[in-house]
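For the single chain, residues carry numbers from 1 onward in sequence order. Quick note: numbers below take in every heavy atom, side chains included, and nothing from hydrogens, waters or symmetry partners. In each ligand, atom 1 is the first atom listed, and ligand 1 is the first ligand listed.
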Amino acid sequence: MPTPKRTPLIAGNWKMNGLRNSSQEIIQLRDHLAQVPSLNCDVLICPPFTLLNTFADLVHNTPIQLGGQDCHSAASGAHTGDISAPMLKDCGAGWVIVGHSERRSDHGESSQLVLDKAKAGLKAGLNVIVCVGETEVQRDAGETLAVVGEQLTHSVPAGSTAAKLVIAYEPVWAIGTGRTPTDQEIEQVHGFIRQQLTKRIGEQGQAMRCLYGGSVKPSNAAQILPLNDVDGALIGGASLKARDLIDVINHCN
Ligand code: PEP
């Protein structure tokens with residue numbers, strides 16, 4: 001099967017960071033990208049819910065896409081403090097991240113719940129990023145592929161398509177720690193994810209983007225982004241500053 005071309009996706013996850021004055025970072029990013037003659041990657045920012053509306057006005061008609069960091073599995077109802085996928089869409093988001101390890105650990109989210117959230121995102125017309133990844137204990141026990149395989153099987157909706165769904169492999173021990181797996185370790189897991197996706201959804205699995213996430217920054221992007229089956233990055237800390245994100249994006253161009 002010939003390998004389909006997969007446009008890299010550089011996605012920023014701002015987590016619980018950012019106030020309205022962070023708009024200056026989006027403006028700097030937007031104005032920089034306007035000068036780039038041809039952008040070789042898709043660019044996505046997932047700010048806290050509170051900034052989606054403000055940022056949506058700033059990025060209208062630009063290459064910057066917006067996403068939420070989570071959504072409820074229901075479209076509406078008595079769920080105090082939660083945000084639904086249609087609400088994200090209504091705020092100008094085109095994407096939602098589900099199953100981030102901080103949601104799985106801080107909120108005890110199971111793969112079944114992540115699956116329901118992914119389905120809710122797709123139903124609302126959003127593109128969905130499903131996060132998977134092992135803890136350090138699981139890696140040390142040699143369970144990485146088993147854990148990632150279980151998360152893929154149970155969190156990715158049947159019939160998912162490459163146009164609407166992206167996988168992010170994020171080893172939990174690499175998130176926010178400054179540590180990264182070796183190139184071989186990243187390629188091993190990404191190759192495994194590709195194999196599993198292809199087994200499950202055929203050609204769509206070949207075309208589906210698989211991002212690496214975990215301490216990606218300007219100084220290591222040039223090494224990580226060209227690795228086999230790495231189709232971009234999900235970036236936390238280094239996405240908060242436009243300058244850092246621009247440096248990462250430049251490695252795709
Ligand atoms: C993340 O939040 O998904 C992430 C990868 O964070 P960081 O880049 O800070 O490790």
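The residues R30 and E25 are annotated as not salt-bridged, no charged nitrogen and carboxylate oxygen being separated by less than 4.0 angstrom. One finds no salt bridge joining E109 and R104 here, because no Lys/Arg side-chain nitrogen approaches an Asp/Glu carboxylate oxygen to under 4.0 Å. A salt bridge links R6 with D229: the distance from a Lys NZ or Arg NE/NH1/NH2 to an Asp or Glu carboxylate oxygen falls below 4.0 Å. At a threshold of 4.0 Å, the pair D70-K117 counts as salt-bridged, since one of the basic side-chain nitrogens sits closer than that to a carboxylate oxygen. Taking the charged nitrogens against the carboxylate oxygens, D247 and K241 have no contact shorter than 4.0 Å, which rules out a salt bridge.
In this structure, ligand 1 sits under 4.0 Å from heavy atoms belonging to N13, K15, H100, E170, A174, I175, G176, G213, G214, S215, L234, I235, G236, G237.
Looking only at distances, no side-chain donor or acceptor of R139 sits under 3.5 Å from a matching main-chain atom of V172.
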